[in-house]
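All remarks here apply to the structure that follows.
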Amino acid sequence: MALPRWLERGMADLFPAGETDDADQSLAARLAEAEAAARPLRVKFGIDPTGSDIHLGHSIMFRKLRAFQDAGHTAVLIVGDFTARIGDPTGQSATRVQLDGKAVEANARTYLDQLRSLLDFDTPGRLEVRRNSDWLADLDLPRLIDLLGTATVGQMLAKDDFSSRHGDGKPIALHEFLYPLLQGYDSVAVNADVELGGTDQTFNIAMGRDLQRHFRQRPQFGLLLPILPGTDGVRKMSKSLGNTVGLREAPLITYSKLEKLPDAAVVPYVTLLTDLDPADLPRDPRQKQRAMALAVTASLHGAEAAHRAQADAATLVSGASATESAAVPAASLATVNFPAKAFYLLSAVGLCGSSSDASRQIRGGAVRLDGDKLTDPHQCFTAAADLDGRVLQLGKTKFLRLLA
RNA sequence: GGGUCGGUGCCCGAGUGGUUAAUGGGGGCGGACUGUAAAUCCGCUGGCUCUGCCUACGUUGGUUCAAAUCCAACCCGGCCCA
C-alpha cells in the first residue's frame, strides 16, 4: 500500500513505517481504514507560543498540516500554552527561561492570527485548536507520578540534547524531563492518529506513542519533516540565530533574503515551501535561486506581490537607480528632532540599532544619502524639509526614503 | 549538609590592584571581490543628538588615591563525598 504523494512530499521519516495492511503499523492502511469508515484522521501538531513571529521553518509543518486538511482530515493544533512555560529542551544547550502566563497568551493570539493564511479555518471539521493548559494545568500528582513512571532516566539521558549537556557538566533542571512526557500526554488528550513534527521531535513523538499505549489508545504515527535551514543555509532556522524569514515581513524583504540563500538550500526550500517540482528549475544556479525566491515569496504573499518584489529587488541592488525607485520603503521624520546630527538621524529613523552603531557605520563608509557617502557622524541637518524625499542608505541593501 | 572549582561583554574564553569598555576566537554588521551567497582580505562590534558624558566583569557591601582583579556576606552552577 502506497502513501499519497501529497503526504510523502518532503517527508524525512515516518514511524512506524510498516508495508502491511495493518492500520496500526502502516499509515497508508490507517488512511484507507479512515476513508472506509468516513472518519477523518486526527493529525496533531503542537506549537509553543514562546515568540511572536512564525517563520518559514514553522510554515513547512503547517503546509503539511494543510495538505491533510485538504485531504479531508482534521488538523488538531495544540497551542502549548502550558508547556511553553517549561520550554522544549530539544536542541537547547541551556535551560530555557520560563515564560509567564501573560506573555504566552499574547503570543498564542498572534500565532493564530498568522496561521489564517496557512490553514483552513473555515471548513467545518477541518481544524481543532486546543490549549494544553486545559488538561495539563490541573494534572494531579497521582496522575503525574503515573506519567513519570513510564519513562526512565536512562531514556532521557539517551536523548542527545540531554546527554551532551550532562556530559559537558551543564545543568539540567528536573522539570525539563517533564517536557517530553507532557507533549506525549497531549497526544493522549486529543487522541491523535498522527503527530507532525521536525526530525528533532522524534523522541517527543515516540514518547507520545508510549503514553498512548499506556493509556490504552492506538499509538499515533510520527510523521517527520526535515529541519529547514535558515538564511545562512546551514543552521536550523530559528529566531535566536537570527536567520529567519518571517511570515509577516514585507515581500521585498522576504524576496531579498531568499535570493541570497546559499545554493545548497535552494532545492530543500522549493520542495518544502512550494508546489513546484525541483526538476523543473533552471539549471543556472543564479536563475535557479531567483526562481526559488520568486516561488516561495509568491506562496506567502501572492504571485503579484512576488513579481513586484523581484523587480524592486533588482532595481535596489543596482544602486544608482535606487534613489528613483518607488520600492524604497518610506520612513517618516515626524519623530526626529531637528537639528539632527547624522548619527542620531540614522538611529532615530531605525536604520541602525543605536546611535553609537550609526556613528561606526558612518565612519566605516557604509552610509549614503542620495548615493553620496556620508563621512562625518556629526554632520548636522537643520530641518526635516532638507531631507524630504531623499534616500538614506545603509550598506548595499537597506534603504529608506525620508519623508518630512 | 561537607569538600572543591567556578560565575567576565551576543556566545566561548583570557585577564588577577593602576593608561584604555577590558587580549583572543566565534558570531554579527560594514568595505573589497564574485553570479547574490560562500571562500579570502580589510574595518567595526556597550549606550547616549557625542568630540564629552554615562553604565559594565553573579549580587550587595567593604578595603584602597585606584578593583573584573583584595576582603566579607549572599545567590547560582559543575564535580566529588555524605
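The chains referred to below are lettered A, B, ... by the order of the sequence lines, with proteins before strands, and numbering in each begins at 1. As a basis for the values below, the full set of heavy atoms in this structure was taken, side chains included, without hydrogen atoms, waters or symmetry mates. In this text the structure is predicted, and so the values were computed from the model without any measurement.
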Between B:rG17 and B:rC57, how far is it from one C1' atom to the other, in whole Å?
15 Å

Comparing A:Gln361 and A:Val336 on RNA chain B - which has the more 5′ nearest nucleotide
A:Gln361

Look at all strands and tell whether A:Pro377 reaches a base, only sugar-phosphate, or nothing, counting heavy atoms closer than 4.0 Å.
nothing

Please determine whether a side-chain nitrogen of the Lys or Arg among A:Lys64 and A:Glu195 lies less than 4.0 Å from a carboxylate oxygen of the Asp or Glu.
no

Drop me the distance from A:Leu65's CG to A:Leu127's CG, to the nearest 0.5 angstrom.
8.0 Å

Take the protein atom CG of A:Asn243 and the nucleotide atom P of B:rG28, then report the distance between them rounded to whole Å.
9 Å

What is the distance, to the nearest angstrom, from the CG atom on A:Asp357 to the P atom on B:rG30?
9 Å

Taking atom C1' in both B:rC41 and B:rC48, compute the distance separating them and give it to the nearest angstrom.
34 Å

Quick one: A:Met292 CE to B:rG35 P, roughly how many Å, whole number?
19 Å

The nucleotide from B:rG28, B:rG78, B:rC29 with an atom nearest the side chain of A:Pro171 is B:rG78

A:Phe381 CZ to B:rC50 P: how many Å, rounded?
17 Å

Can you check nucleotides 36-39 of chain B for protein contacts, nitrogen or oxygen pairs under 3.5 Å, and list what you find?
unit_1, atom_1, unit_2, atom_2, d
B:rU36, O2, A:Glu259, O, 2.7
B:rU36, O2, A:Gln289, OE1, 3.1
B:rU36, N3, A:Gln289, OE1, 3.1
B:rA37, O2', A:Lys260, O, 3.3

Could you check how far CD of A:Gln379 sits from P of B:rU51, rounded to whole Å?
16 Å

Where the side chain of A:Thr244 meets the backbone of A:Gly246, is there a donor-acceptor pair that is under 3.5 Å apart?
no

If I pick the C1' atom on B:rA68 and the same atom on B:rU8, what distance separates them, to the nearest angstrom?
7 Å

Is any NZ, NE, NH1 or NH2 atom of the basic residue among A:Asp186 and A:Arg130 found under 4.0 Å from an Asp or Glu carboxylate oxygen of the other?
no

By the 4.0 Å heavy-atom rule, please label A:Asn337 as base, sugar-phosphate, or nothing.
base

Ionic contact status for A:Arg9 with A:Asp277, cut-off 4.0 Å:
no

Counting only heavy atoms not in A:His214, do more than 12 fall under 6.0 Å of its NE2?
yes

Taking atom P in both B:rC54 and B:rG27, what distance in whole Å separates the two?
36 Å

Given the P atoms of B:rC44 and B:rC76, what is the spacing between them in whole Å?
41 Å

For atom P, what is the distance between B:rC29 and B:rA39, given to the nearest Å?
12 Å

With P as the reference atom in both, quote the distance from B:rC12 to B:rU20 in angstrom, rounded to an integer.
28 Å

A:Asp193 with A:Arg42: basic N within carboxylate O range, under 4.0 Å:
no

Would one find a side-chain N or O of A:Lys398 under 4.0 angstrom from OP1 or OP2 of B:rC29?
no

Would you mind checking if A:Arg286 and A:Asp284 are paired as a salt bridge, meaning a charged N to carboxylate O distance below 4.0 Å?
no

Atom CD1 of A:Ile362 and atom P of B:rU45 are separated, to the nearest Å, by 15 Å

Under a 3.5 Å cut-off on both pairing distances, which runs of 3 or more consecutive Watson-Crick or G-U pairs involve RNA chain B?
B:1-7 with B:75-81, B:10-12 with B:24-26, B:27-32 with B:40-45, B:46-48 with B:52-54, B:58-62 with B:70-74

Taking NZ, NE, NH1 and NH2 as the nitrogens, is one of them in A:Asp357 or A:Arg360 under 4.0 Å from a carboxylate oxygen of the other?
yes

From CG of A:Asp376 over to C1' of B:rU51, roughly how many Å is that when rounded to an integer?
10 Å

Could you tell me whether A:Asp24 and A:Arg30 have a side-chain N and a carboxylate O separated by less than 4.0 Å?
yes

When you measure from every atom of RNA chain B, which of residues 343-356 of chain A have a heavy atom less than 4.0 Å away?
A:Phe343, A:Tyr344, A:Ser354, A:Ser355, A:Ser356

For A:Leu374 and B:rG30, give me the distance from atom CG to atom C1', rounded to whole Å.
14 Å

Output yes when at least one side-chain N/O atom of A:Arg360 is less than 4.0 Å from OP1 or OP2 of B:rG47, else no.
yes

May I ask you to decide whether A:Arg165 forms a salt bridge with A:Glu176, counting only side-chain N to carboxylate O separations under 4.0 Å?
yes

Kindly indicate whether the side chain of A:Asp13, heavy atoms from C-beta on, has any atom under 4.5 Å from the side chain of A:Leu225.
no

Could A:Asp232 and A:Arg235 be called an ion pair, given the rule that one side-chain N must be under 4.0 Å from one carboxylate O?
yes

Please report the distance separating the P of B:rC70 from the corresponding atom of B:rG15, rounded so that it comes out in whole Å.
13 Å

